Amino acid sequence: MKNTFTIIYEIVKQIPKGKVATYGQIAALAGNPRWSQVVGFALHVNPDEQNIPCYRVVNRFGQTASAFAFGGEDVQKLLLEEDGIVFLPDGSVDLKKHQWDGEPFSE
DNA sequence: TTAATGACCTATC
DNA sequence: CGATAGGCCATTA
């Protein structure tokens, strides 16, 4: 069952520790920059949260969504801190310091 | 089946 | 440069 979701899951699961990726970035890496919404949907269902760290996925502003599906917003922040993410006083992560460089997929 | 919404982003004025 | 509007894909009702 390798649908669009699987692609997104693969990307998110490939996110290295201590870094975060944005929906648009994941969508772009997936091969479709306009899957931004679908990416959110994929994480929303999150059938493999154990292997799909949604907390490492943030929006364009470096903030997580309001509707979390694996615990709570506080947990999300804690998990990122555990990974070594630097949270700004605004409640967002320093994308310019932790935004995922990109997939190790050398073309 | 059609229509509307959605953890969004991009382009244009 | 800043803000506004629209659009794309998939899922759900």
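Quick note: numbers below take in every heavy atom, side chains included, and nothing from hydrogens, waters or symmetry partners. Because the structure is predicted, anything quoted here is derived from the model rather than measured. Chain letters run A, B, ... following the sequence lines, proteins first and then strands; every chain starts at 1.
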Query - Exam field: side chain A/N59 to backbone A/F61, donor-acceptor pair closer than 3.5 Å - result: yes
Query - Outermost nucleotides of DNA chain C that come under 4.0 Å of a non-hydrogen atom of chain A - result: C/dC8 to C/dT11
Report summary line: When rounded to the nearest 0.5 Å, the distance separating CZ of A/R56 from NZ of A/K13 is 13.0 Å
**Report entry** Interatomic distance at C1', C/dT4 relative to B/dA7, whole Å
**Finding:** 23 Å
Query raised in the report: Heavy-atom distance under 4.5 Å between the side chains of A/T64 and A/Q76, does that happen here?
Result: yes
Requested in this report: Rounded off to whole Å, could you give me the OH-to-C1' distance for the A/Y9 and B/dA7 pair?
Outcome: 12 Å
Requested in this report: Spell out protein contact along nucleotides 8-13 of chain B as letters: B when the base is contacted, S when just the sugar-phosphate is, - when no protein heavy atom is under 4.0 Å; keep the 5' to 3' order.
Outcome: BS----
Query raised in the report: Would you say A/I11 and A/V45 are hydrophobically clustered, going by side-chain heavy atoms of ILVMFWY under 4.5 Å?
Result: yes
Query raised in the report: Rounding to a whole Å, what distance do you find between A/F5:CZ and B/dA7:P?
Result: 13 Å
**Report entry** Straight-line distance of A/I52 CD1 to A/I15 CD1, nearest 0.5 Å
**Finding:** 10.5 Å
Requested in this report: Return yes if some donor-acceptor pair links the side-chain N/O of A/N46 with the main-chain N/O of A/E49 below 3.5 Å, else return no.
Outcome: yes
Query raised in the report: Would you call A/Y23 and A/L43 a side-chain contact if the rule is heavy atoms closer than 4.5 Å?
Result: yes
Report summary line: The single option from A/V20, A/L78, A/D83, A/I85 that satisfies side chain to side chain contact (heavy atoms under 4.5 Å, CB included) with A/Y55 is A/D83
